[in-house]
Asker: 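Below is one structure. I have some questions about it.
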Amino acid sequence: MRWSPLARSEYRTVLTSKGAWILALLVVLWGFRPTYAGWDAVGRNITIGYVQIGVDLFLPIGALLLSYQSLINERTTGSIKFLLGLPLTRTQILLGKTGGRFVGVGTAAVAATLVLAAIGLIEHGTFALLPFLGTLVATLLFAGVMVAIGVFVSTVARRTVTAATGVFAYFLATVFWSRIVTSLYTAVTGVPVDPYDAPASGPLFLALRLTPDGAYNVLTNWFLGVGNSTELFHIVYTKLEPGVSVNAFVVEAAFDGGGPWYLHPALSLAVLLVWVVVPVALARRAFTRGDAL
């Protein structure tokens, strides 16, 4: 653990920045939105739904903005030469950077989650503990994914503007992911996709949940028991109501019997783990080869 002092330095950098606490505040302010649909869907567990709503929108943005300059800032200021002079391997430097940023972002995410839990406890009373703990763990894993992507971008980009462009491109891809997937599916199969009445296609639904935010929503919806979908929990509940037509892809609405095995919500945990491992591995490969200097 020779890299732990570097990790602590990165942790302090994140927590002493305004960005971490702005992130926590935005998660709380955006997440707390009581609705009749939300209450009808999960009752007092709507408190857990508040966490899903706030995290889904703001955690990716905040974590990336707090991570994408972790190494590129060292390069542009020239301090990377000092960093490489430490008695650490390049892998250890990368672990210290990633681990410290993750703990910092994770601390802000946990703080926001606990504030939402306290608000929900006051407003609605007690909620189910196990789904809440599952959502908290999923939130930390989601934070780890976004930090890993941010550090990867910071490792391979040569300039800050290039890194910022990469982050923006990621946002665009995730925002329009559903449209990208459905367009490709139609082009390949010739079958038009109507989200109001989606075709019972396993590959289509699998592709929709391959983004980190999609996998996170699938997991937390599973914990809440509302249905198998990448949409927010109250939208999933509304979609499954008899006689209601909603623009959303929900497995139970498209398949008889719950769909193929590879659409089980638990496998979204593997999707998130892959999103952690692959960016870190690619960043390590680039950094240890010296491509990031």
Side-chain angles (χ1 to χ4, degrees), residues 37-38 41-42 45 48-49 51-53 55-57 59-60 128 130-142 144-146 149 170 173-242 244-279:
V42 293
N45 285 343
I48 304 171
V51 177
Q52 184 199 63
I53 292 171
V55 165
D56 174 73
L57 179 62
L59 184 61
L130 287 180
F132 174 75
L133 292 177
T135 300
L136 181 60
V137 171
T139 297
L140 287 173
L141 184 54
F142 191 22
V145 168
M146 304 318 301
I149 293 173
Y170 171 84
T174 54
V175 166
F176 293 104
W177 184 247
S178 177
R179 185 173 299 179
I180 293 170
V181 168
T182 54
S183 297
L184 288 175
Y185 179 84
T186 299
V188 171
T189 65
V191 178
V193 178
D194 180 5
Y196 288 95
D197 186 20
S201 169
L204 171 65
F205 276 79
L206 177 63
L208 288 169
R209 63 189 58 208
L210 292 181
T211 59
D213 57 321
Y216 173 77
N217 284 348
V218 169
L219 266 183
T220 50
N221 284 332
W222 185 37
F223 297 147
L224 286 166
V226 293
N228 189 346
S229 175
T230 61
E231 302 290 342
L232 296 175
F233 77 101
H234 56 283
I235 298 175
V236 179
Y237 170 79
T238 304
K239 174 76 173 185
L240 295 177
E241 282 288 275
V244 177
S245 180
V246 176
N247 179 6
F249 293 92
V250 180
V251 170
E252 289 85 352
F255 294 86
D256 293 327
W261 64 269
Y262 53 81
L263 295 182
H264 193 282
L267 293 179
S268 290
L269 178 63
V271 173
L272 289 175
L273 290 174
V274 168
W275 273 104
V276 171
V277 171
V278 171

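Position 1 is the first residue of the sequence; numbering continues from there. Model, not experiment: these values are computed from the prediction.
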Asker: Test your reading of the model: is there a side-chain donor-acceptor pair from Thr182 to the backbone of Arg179, 3.5 Å cut-off?
Answerer: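 Answer holds: yes.
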
Asker: Restricting to non-hydrogen atoms, name the atom on Gly227 and the atom on Val236 that form the minimum distance, rounded to 0.1 Å.
Answerer: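 For Gly227 and Val236, the tightest heavy-atom pair comes out as CA-CG1, 3.8 Å.
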
Asker: Is a side-chain donor or acceptor of Asp56 paired with a backbone partner of Gln52 at a separation under 3.5 angstrom?
Answerer: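 Looks like no, no N/O pair under 3.5 Å.
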
Asker: Test your reading of the model: is there a side-chain donor-acceptor pair from Thr211 to the backbone of Thr174, 3.5 Å cut-off?
Answerer: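 Not confirmed, Thr211 side chain does not pair with Thr174 backbone.
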
Asker: If you draw a 6.0 Å radius around OH in Tyr262, do more than 12 non-hydrogen atoms from other residues or ligands fall strictly inside?
Answerer: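 Check passes, neighbour count above 12.
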
Asker: Hey, what do you get for OG1 (Thr220) to CD1 (Ile48), rounding to the nearest 0.5 Å?
Answerer: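 Result: 10.0 Å between the selected atoms.
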
Asker: What distance separates Phe233 CZ from Thr135 OG1, expressed to the nearest 0.5 Å?
Answerer: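 The CZ atom of Phe233 sits 10.5 Å away from the OG1 atom of Thr135.
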
Asker: Go through Leu59 and Phe142 one step at a time and tell me if the side chain to side chain contact (heavy atoms under 4.5 Å, CB included) criterion holds.
Answerer: CA-CA 8 Å; Leu59 184 61; Phe142 191 22; 3.8 Å; yes

Asker: Output yes when a side-chain donor or acceptor of Trp177 lies under 3.5 Å from a complementary backbone atom of Leu210, and no otherwise.
Answerer: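 Side chain of Trp177 to backbone of Leu210: no pair is present.
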
Asker: With a 4.5 Å limit on heavy-atom distance, are the side chains of Phe255 and Leu263 in contact?
Answerer: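 Side-chain contact under 4.5 Å: yes.
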
Asker: Could you please spell out the steps behind the side chain to side chain contact (heavy atoms under 4.5 Å, CB included) verdict for Leu219 and Leu272?
Answerer: CA-CA 10 Å; Leu219 266 183; Leu272 289 175; 3.8 Å; yes

Asker: State, to 0.1 Å, how close Pro260 and Gly202 come at their nearest heavy-atom pair, and which atoms those are.
Answerer: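 The pair with the smallest heavy-atom distance is CG-CA, 4.0 Å.
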
Asker: Rounded to the nearest 0.5 Å, how far does CG of Asp197 lie from CG of Asn247?
Answerer: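 Reported to 0.5 Å precision, the distance equals 12.0 Å.
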
Asker: Between CG of Leu57 and CG of Asp213, what distance do you get to the nearest 0.5 Å?
Answerer: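 Atom-to-atom, Leu57:CG and Asp213:CG are 10.0 Å apart.
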
Asker: Measure the CG-OH distance between Asn221 and Tyr237 for me, rounded to the nearest 0.5 Å.
Answerer: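 With rounding to 0.5 Å, CG (Asn221) is 14.0 Å from OH (Tyr237).
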
Asker: Can you name the nearest heavy-atom pair linking Phe249 to Ser178, along with the distance?
Answerer: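 So the minimum-distance heavy-atom pair works out to CE1-OG, 3.6 Å.
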
Asker: Do Phe176 and Ser183 make a side-chain contact, defined as non-hydrogen atoms from C-beta onward lying under 4.5 Å apart?
Answerer: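 A side-chain contact is absent here, since even the closest heavy-atom pair is not under 4.5 Å.
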
Asker: Between Phe223 and Phe132, is the ring centre distance below 6.0 Å?
Answerer: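 Ring centres of Phe132 and Phe223 not closer than 6.0 Å.
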
Asker: State whether the side chain of Ser268 and the backbone N or O of Val271 hold a donor-acceptor pair below 3.5 Å, judged by distance alone.
Answerer: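 A pair under 3.5 Å: no.
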
Asker: Applying the side-chain hydrogen bond (donor to acceptor under 3.5 Å, both in side chains) criterion to Arg209, which one of Asn228, Thr230, Asn217 satisfies it?
Answerer: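 Of the listed options, the one satisfying the test is Asn228.
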
Asker: Nearest heavy-atom pair of Val276 and Gly144: which atoms, and what distance?
Answerer: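 Heavy atoms of Val276 and Gly144 come nearest at CG2-C, 4.0 Å.
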
Asker: Which atom pair, heavy atoms only, marks the closest approach of Ala37 to Thr238?
Answerer: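 It is CB-OG1, 4.1 Å.
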
Asker: To the nearest 0.5 Å, what is the distance between CG (Leu208) and CD1 (Ile180)?
Answerer: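 Taking CG in Leu208 and CD1 in Ile180, the distance rounds to 11.0 Å.
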
Asker: Take Val181 and Leu204 through the side chain to side chain contact (heavy atoms under 4.5 Å, CB included) test and state the conclusion after the steps.
Answerer: CA-CA 7 Å; Val181 168; Leu204 171 65; 3.7 Å; yes

Asker: Hey, mind stepping through Met146 and Trp275 against side chain to side chain contact (heavy atoms under 4.5 Å, CB included) and telling me if it holds?
Answerer: CA-CA 8 Å; Met146 304 318 301; Trp275 273 104; over 6 Å; no

Asker: Between Ala254 and Ala198, what is the shortest heavy-atom contact and its length?
Answerer: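 Looking at all heavy atoms of both residues, the shortest contact is CB-O, 3.9 Å.
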
Asker: Between Lys239 (side chain) and Tyr196 (backbone), is there a donor-acceptor pair under 3.5 Å?
Answerer: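 Such a contact is found between Lys239 side chain and Tyr196 backbone.
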
